[in-house]
Amino acid sequence: MLLKKNKEIDVNNIPKHIAIIMDGNGRWAKKRGLSRTMGHREGSRTLKKIVEACYKLGVRYLTVYAFSTENWSRPKEEVDDLMKLLLEYLKNAERELKGKNVRIRVIGERRNLPEEIVNEIERVQKNTEHIEGLDFIIALNYGGRQELVDAVSHIVEDVRAGLISEVNEDIISQRLYTSGIPDPDLLIRTSGEMRISNFLIWQCCYTEFYFCDVLWPDFSEEHLIEAIISYQGRQRRFGGVK
Ligand code: IPE
Ligand code: IPE
Ligand code: MG
């Protein structure tokens, strides 16, 4: 599907790393008189389409926010359904992505996750680790503050062990879950909310933000292209003068 808008996209300036806060599943379902779980199910279909679209466009890294450390505060039934959906997603991931060069990596705190999910994460990461193409990073039980707490704990251990004697930005970046992954160029949040909700708080310090009103289950390749075109019209200055 080559869209009219596609013609305006500069294929030589595709953001290398796109991060997405996939928000609005609950409101999408409510509007239709459906359960929130149905909204999440539809949201998971959207994710499959957007991963393919990013792959086609030549995006190098895609990071999506699937479940935050704060999302445990939702009703147990919704959390259980979300865990089931995530498990299903991970189990089917390679089959769905067959023929495409996509490496899957999951970031976030493993400790509170159901064992089945942890096993599935390990399996899918191992099976795709050799693949070079799109790095698809799923933030699951992820919180930016927790990530920093973990990084600081590692630094303290390394200082005590005499492995490092000073702390700098690189030392911190290397101990984040995203170690080795460049910072996002573009962050998209759907559903009209304009906040970061504890997502990649260190990594997004110079990221371009794009907010749109579309609810995540309705987000399409066209919307993604609109976001990229908006990004391409920005002037990134990183504190300098241009
Ligand atoms: C995003 O949709 C999905 C997750 C947080 C897991 P929401 O469930 O937050 O949907 P709204 O914001 O209630 O519409
Ligand atoms: C952020 O959305 C988390 C995910 C999309 C997984 P939320 O819906 O949880 O964020 P808030 O509560 O509106 O800030
Ligand atoms: Mg929400």
Side-chain angles (χ1 to χ4, degrees), residues 17-51 53-54 61-93 104-114 116-118 120-121 136-149 176-178 181 184 186-204 207 209-220 223-224 227:
H17 184 172
I18 297 182
I20 308 182
I21 302 179
M22 311 181 287
D23 199 10
N25 294 349
R27 277 162 284 171
W28 182 92
K30 197 172 178 200
K31 263 177 43 185
R32 287 162 178 77
L34 301 170
S35 66
R36 292 181 61 85
T37 300
M38 291 304 287
H40 296 314
R41 192 162 281 285
E42 202 54 38
S44 146
R45 290 199 190 103
T46 300
L47 178 57
K48 284 175 196 157
K49 286 188 263 174
I50 296 305
V51 175
C54 284
Y61 300 88
L62 170 68
T63 305
V64 299
Y65 207 4
F67 192 89
S68 75
T69 46
E70 287 73 35
N71 287 149
W72 295 106
S73 66
R74 295 186 178 205
K76 185 178 181 305
E77 201 190 319
E78 181 177 353
V79 171
D80 288 349
D81 285 345
L82 274 166
M83 289 298 148
K84 266 188 226 151
L85 263 178
L86 286 161
L87 184 65
E88 210 177 289
Y89 191 93
L90 291 167
K91 277 191 172 156
N92 296 327
I104 300 173
R105 179 164 161 179
V106 179
I107 56 168
E109 178 56 67
R110 297 279 156 88
R111 262 173 302 197
N112 311 321
L113 287 174
E116 299 184 279
I117 295 206
V118 175
E120 206 52 41
I121 291 172
F136 173 37
I137 301 136
I138 305 171
L140 206 176
N141 194 19
Y142 173 90
R145 287 191 171 178
Q146 185 59 50
E147 181 180 37
L148 281 167
V149 168
L176 297 174
Y177 308 142
T178 52
I181 299 169
L186 169 65
L187 171 85
I188 299 170
R189 182 168 188 154
T190 57
S191 88
E193 308 298 349
M194 296 186 202
R195 53 178 173 263
I196 195 142
S197 300
N198 205 8
F199 191 42
L200 304 176
I201 52 176
W202 169 277
Q203 297 87 341
C204 282
T207 298
F209 286 11
Y210 180 86
F211 299 105
C212 67
D213 289 336
V214 182
L215 302 173
W216 176 250
D218 292 328
F219 193 79
S220 65
H223 296 118
L224 175 71

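Counting starts at 1 for both ligands and their atoms, following the listed order. Along the sequence shown, residues are numbered consecutively beginning with 1. Fair warning: this is a prediction, and the values are worked out from it, not measured in the lab.
Counting heavy atoms under 4.0 Å from ligand 1, residue His40 touches it through the side chain alone.
With waters left out, the protein N, O or S atoms under 2.8 Å from the Mg ion (ligand 3) add up to 1.
Atom CZ of Arg41 sits in a sparse spot, with 12 or fewer heavy atoms from other residues, nucleotides or ligands closer than 6.0 Å. No more than 12 heavy atoms of other residues, nucleotides or ligands sit less than 6.0 Å from atom CD of Glu116.
In summary, the side chains of Gln203 and Thr178 do present a donor paired with an acceptor at a separation below 3.5 Å, with no hydrogens or angles considered. Defined by atom type and a distance below 3.5 Å, a donor-acceptor pair is missing between the side-chain atoms of His40 and Thr37.
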Query raised in the report: Is there a salt bridge (Lys or Arg N to Asp or Glu O under 4.0 Å) between Glu42 and Arg45 once you walk through the steps?
Result: CA-CA 5 Å; Glu42 202 54 38; Arg45 290 199 190 103; 2.5 Å; yes
Query raised in the report: What do the steps show when you test Tyr65 against Asp23 for side-chain contact (heavy atoms from CB on, under 4.5 Å), and what is the final call?
Result: CA-CA 9 Å; Tyr65 207 4; Asp23 199 10; over 6 Å; no
**Report entry** Criterion side-chain contact (heavy atoms from CB on, under 4.5 Å) on Ile188 and His223, from CA distance to verdict
**Finding:** CA-CA 10 Å; Ile188 299 170; His223 296 118; over 6 Å; no
**Report entry** side-chain contact (heavy atoms from CB on, under 4.5 Å) assessment of Ile196 paired with Phe209
**Finding:** CA-CA 10 Å; Ile196 195 142; Phe209 286 11; 3.8 Å; yes
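For a heavy-atom separation below 4.0 Å, the residues in contact with ligand 2 are Ile21, Met22, Asp23, Tyr65, Ala66, Phe67, Asn71, Arg74, Arg189, Arg195, Ser197.
Checked by atom type and distance alone, the side chain of Arg32 pairs as donor or acceptor with a backbone atom of Trp28 at under 3.5 Å.
For the side chain to side chain donor-acceptor pair (under 3.5 Å) with Glu147, the qualifying choice from Trp202, Tyr177, Tyr142 is Tyr142, the only one to do so.
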